[in-house]
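See structure below.
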Amino acid sequence: MENHSNFIKTIIESDLETGKHKEIVTRFPPEPNGFLHIGHARAIITDFESALAYGGYTNLRYDDTNPSKEDDVYVKAILDDIKWLGYEPKNIFFASDYFEEMYERAVLLIKKGLAYVDHSSPEQMAKDRGNINTPGTPSIYRDRSVEENLKLFEEMKEGKFKEGECVLRAKIDMSSPNMNMRDPALYRISFAEHHNTGKKWCIYPMYDYAHPLEDAIEGITHSLCSLEFEDHRPLYDWVVRETEMPKVPRQIEFGRLSIENTVMSKRFLRQLVEEHKVIGWDDPRMPTLQGLRRRGYTAESIRHFVLSTGLSKVNSTVGTDMLEASLRDDLSIRAKRVMAVINPLKVTITNYPEGQVEYFDVPYNQDNEALGERKIPFSKHLYIEQDDFVLEKPNKKYKRLALGIEVRLFHAYFIKANEVVYDNDGNIIEVLATYDPATKSGTGFDERKPNGTIHYVEATTGIKAKLNFFGPMILGDDDMDLMDRFNEDSWTVKEGVVETSLADTKPQDKYQFMRNGYFNTDTDSKKGDLIFNEIVPLKSSYK
Ligand code: ATP
Ligand code: MG
């Protein structure tokens with residue numbers, strides 16, 4: 001694990017030094033209403049790393065206090081993503097496990113005169129709240145007696161009221177400059193079926209009431225969350241104190257992570273899935289962890305990227321170049337370097353015997369011997385990239401094949417183009433070339449220099465493959481409607497040819513297609529029907 005210091009660790013260290021805590025306990029509290037995205041990765045990494053650095057642990061707690069939006073599909077996917085990132089939660093809890101205790105603590109608040117049932121309409125309540133410049137107006141129900149409140153709250157629980165008819169509110173301060181303290185709602189009525197507790201409850205705790213209790217019940221020492229909860233902290237502390245929780249967690253906020261041209265709103269991502277703009281939550285263009293994974297991003301590169309962005313008390317936006325650089329660093333060691341031709345052009349070696357194939361032993365990655373080696377075939381029939389051939393060498397800088405010009409084929413021989421074959425429309429469909437046996441790779445031949453080195457695939461053993469290329473999923477400005485910003489041209493497909501060693505590739509196998517980019521074997525790829533996703537091109541376009 002990388003060791004980065006930050007303001008959260010400074011607080012934790014001081015709490016350990018003063019003896020306030022002996023063990024550090026954090027939690028990651030996702031709402032199971034969507035798949036995790038790369039922004040969540042910052043929260044996960046911060047939660048786990050902050051505890052791990054001091055021998056502590058982290059709970060995964062599903063914040064399932066909103067019955068209408070939650071689903072078990074998300075519950076599974078979230079755990080899967082956390083494990084993929086490389087973390088193991090100590091415990092897996094559901095906020096709904098604590099509904100009983102939360103209810104009892106609410107009764108305690110009522111008994112202490114600190115909560116009341118309010119029958120005001122939502123419109124009235126909004127009006128009574130006032131605004132930053134105007135103090136709120138107390139509800140006409142604010143001074144109900146403890147007995148009446150206990151009875152009404154009991155009736156709320158028993159389903160005697162309709163949805164929206166009343167709520168339980170904290171009795172704090174209607175003129176507080178902090179709007180969150182103006183008698184916030186603690187419980188609301190909902191008859192929706194809950195994914196965990198079914199129809200048992202028809203009252204559900206509000207986030208601001210539930211969250212501090214969940215933390216306190218689990219003995220969380222440091223409750224790390226994103227910056228938008230800063231103004232909620234006084235309420236968080238009020239709830240823990242007034243419900244008389246024995247263990248007192250401390251909320252600490254950190255800045256949210258945003259990435260340029262990347263929208264991480266779960267609502268928007270869900271809309272893309274539901275309107276079939278994308279093939280699913282794991283569409284390789286999606287900023288979800290499942291999407292990034294299908295595309296071919298590695299957990300290590302995401303972790304390294306998030307840690308290198310640093311943690312601060314302000315929200316930050318970083319360019320995709322940082323993430324891509326972290327990815328290339330990781331892939332350059334991890335990926336097998338193989339040859340694939342994206343836009344094939346036939347080359348026939350006229351002086352090579354028909355029917356003969358020879359093989360060269362070549363390591364998969366010179367920088368990582370552990371990846372082993374494979375045999376690369378060479379014969380009379382080859383494919384090269386269309387881009388690697390022109391009729392006439394245009395200038396000195398051109399380091400590829402042209403008529404009368406000689407290049408090296410990686411790991412094989414020098415070849416020289418002599419003639420071309422055209423189709424009826426005048427397109428070049430084949431290059432006739434000769435090879436020089438004396439130039440065999442590895443023999444130390446140095447009598448002349450080739451005009452560059454290009455890649456190729458032997459045609460009789462090469463395997464056709466579908467290659468997916470991705471552009472930005474979102475274009476345009478922040479002030480445009482998000483659905484209008486969806487880039488309809490963000491996915492293009494090509495039919496290429498890959499070297500024979502890829503015949504048995506499995507989903508998630510990662511390759512560098514030499515001179516082209518990094519590719520990942522797609523989830524749907526099968527023997528005989530190979531599919532690869534471009535993860536990232538070899539070089540940054542930011543240069
Ligand atoms: P969204 O806004 O995408 O719906 P959310 O914050 O509502 O996300 P939760 O499931 O509540 O989704 O998120 C779990 C945790 O992840 C929260 O503590 C939240 O603060 C944190 N989180 C979400 N997005 C980011 C981000 N971009 N950067 C850092 N932390 C984030
Ligand atoms: Mg949230």
Side-chain angles (χ1 to χ4, degrees), residues 6-8 26-51 58-66 68-71 73-82 85 87 89 92-96 195 205-208 210-212 214-215 218 220 222-233 236 249-274 281 286-292 302-303 305-318 320 322-323 474 482:
N6 60 52
F7 67 97
I8 293 175
T26 62
R27 87 291 171 261
F28 175 64
E31 234 180 294
N33 62 355
F35 284 61
L36 299 179
H37 51 61
I38 189 161
H40 291 116
R42 165 173 278 187
I44 295 169
I45 290 166
T46 305
D47 293 329
F48 279 88
E49 295 289 338
S50 301
T58 303
N59 292 341
L60 166 60
R61 184 203 314 134
Y62 295 102
D63 217 328
D64 57 347
T65 52
N66 185 356
S68 55
K69 289 198 214 142
E70 292 154 2
D71 203 307
V73 175
Y74 303 129
V75 170
K76 273 204 194 67
I78 287 170
L79 178 61
D80 192 44
D81 282 346
I82 294 171
L85 270 181
Y87 299 107
I92 298 174
F93 293 130
F94 289 85
S96 53
H195 80 112
M206 304 299 290
Y207 180 87
D208 279 336
H211 202 80
E214 294 155 19
D215 286 345
E218 289 175 21
I220 302 301
H222 300 82
S223 175
L224 314 177
C225 62
S226 43
L227 210 58
E228 69 272 22
F229 295 103
E230 193 173 21
D231 290 346
H232 297 242
R233 192 178 347 119
Y236 182 99
R250 170 171 176 183
Q251 174 179 307
I252 308 171
E253 309 85 20
F254 57 82
R256 277 178 98 92
L257 174 67
S258 303
I259 301 176
E260 273 170 12
N261 296 322
T262 308
V263 178
M264 296 195 230
S265 138
K266 267 192 266 184
R267 201 175 54 80
F268 172 64
L269 299 177
R270 187 178 311 108
Q271 197 179 349
L272 291 176
V273 174
E274 283 168 1
W281 285 95
M286 294 274 272
T288 52
L289 294 179
Q290 306 246 341
L292 292 165
I302 292 175
R303 266 209 325 257
F305 161 72
V306 167
L307 290 169
S308 66
T309 58
L311 196 62
S312 81
K313 292 184 211 186
V314 291
N315 293 334
S316 55
T317 302
V318 299
T320 46
M322 256 185 90
L323 176 56
I474 298 295
L482 274 175

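This chain uses plain numbering: 1 for the first residue, then up along the sequence. Whatever order the structure lists ligands and atoms in, that order sets their numbers, starting from 1.
- Close N/O approach between Arg42 and ligand 1 is not found [any backbone or side-chain N/O within under 3.5 Å].
- Looking at ligand 1, you won't find any N or O of Glu228 less than 3.5 Å from one of its N or O atoms.
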Please tabulate, for side-chain N and O atoms in residues 73-80, each donor-acceptor pair with protein atoms closer than 3.5 Å (sequence neighbours left out).
unit_1	atom_1	unit_2	atom_2	d
Asp80	OD2	Arg293	NH2	3.4

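- Of all the atoms in ligand 1, the ones that sit under 4.0 Å from a non-hydrogen atom of Pro30 are 10 (O), 14 (C).
- Tested against Met286 for a side chain to side chain contact (heavy atoms under 4.5 Å, CB included), the candidates Val263, Ile38, Leu269 yield a single pass: Leu269.
- Considering only residues two or more places apart in sequence or on other chains, Gln271 meets the side-chain hydrogen bond (donor to acceptor under 3.5 Å, both in side chains) condition with Glu275.
- Comparing heavy-atom distances from atom 29 (C) of ligand 1 across Pro32, Gly39, Ser226 singles out Gly39 as nearest.
- In summary, the aromatic rings of Tyr236 and His232 are positioned with their centroids too far apart to meet the 6.0 Å limit.
- Under the 3.5 Å distance criterion, with hydrogens and angles disregarded, no donor-acceptor pair is assigned to the side chains of Gln290 and Thr288.
- Within the 3.5 Å criterion, the main-chain N or O of Asp47 finds no donor-acceptor partner in the side chain of Ser50.
- Using a 4.0 Å cut-off to heavy atoms of His40, the atoms of ligand 1 that qualify are 8 (O), 9 (P), 10 (O), 12 (O), 13 (O), 14 (C), 16 (O), 22 (N), 23 (C).
- Considering backbone and side-chain N/O of Asn33, none are found under 3.5 Å from N/O of ligand 1.
- Annotation: His37 is not in aromatic contact with Phe268 [ring centroid separation under 6.0 Å not met].
- The closest approach between any non-hydrogen atom of Arg267 and ligand 1 is not below 4.0 Å.
- Closest heavy-atom approach to atom 2 (O) of ligand 1 within the set His211, Arg256, Arg61, Arg27: this belongs to Arg256.
- Of all atoms in ligand 1, numbered sequentially from 1 with element shown, those under 4.0 Å from a heavy atom of Ala43 are 16 (O), 21 (C), 30 (N).
- Ligand 1 has no N or O atom lying under 3.5 Å from any N or O atom of Phe28, backbone or side chain.
- Geometrically, ligand 1 and Ser265 share no nitrogen or oxygen pair separated by less than 3.5 Å.
- Residue Cys225 has no N or O atom closer than 3.5 Å to an N or O atom of ligand 1.
- Salt bridge Glu230/Lys313: absent, no basic N to carboxylate O contact under 4.0 Å.
- Ser226 and Arg256 get closest at one heavy-atom pair: OG-NH1, 3.3 Å.
- The contact set between ligand 1 and Met264, taken as ligand atoms under 4.0 Å from a residue heavy atom, comprises 3 (O).
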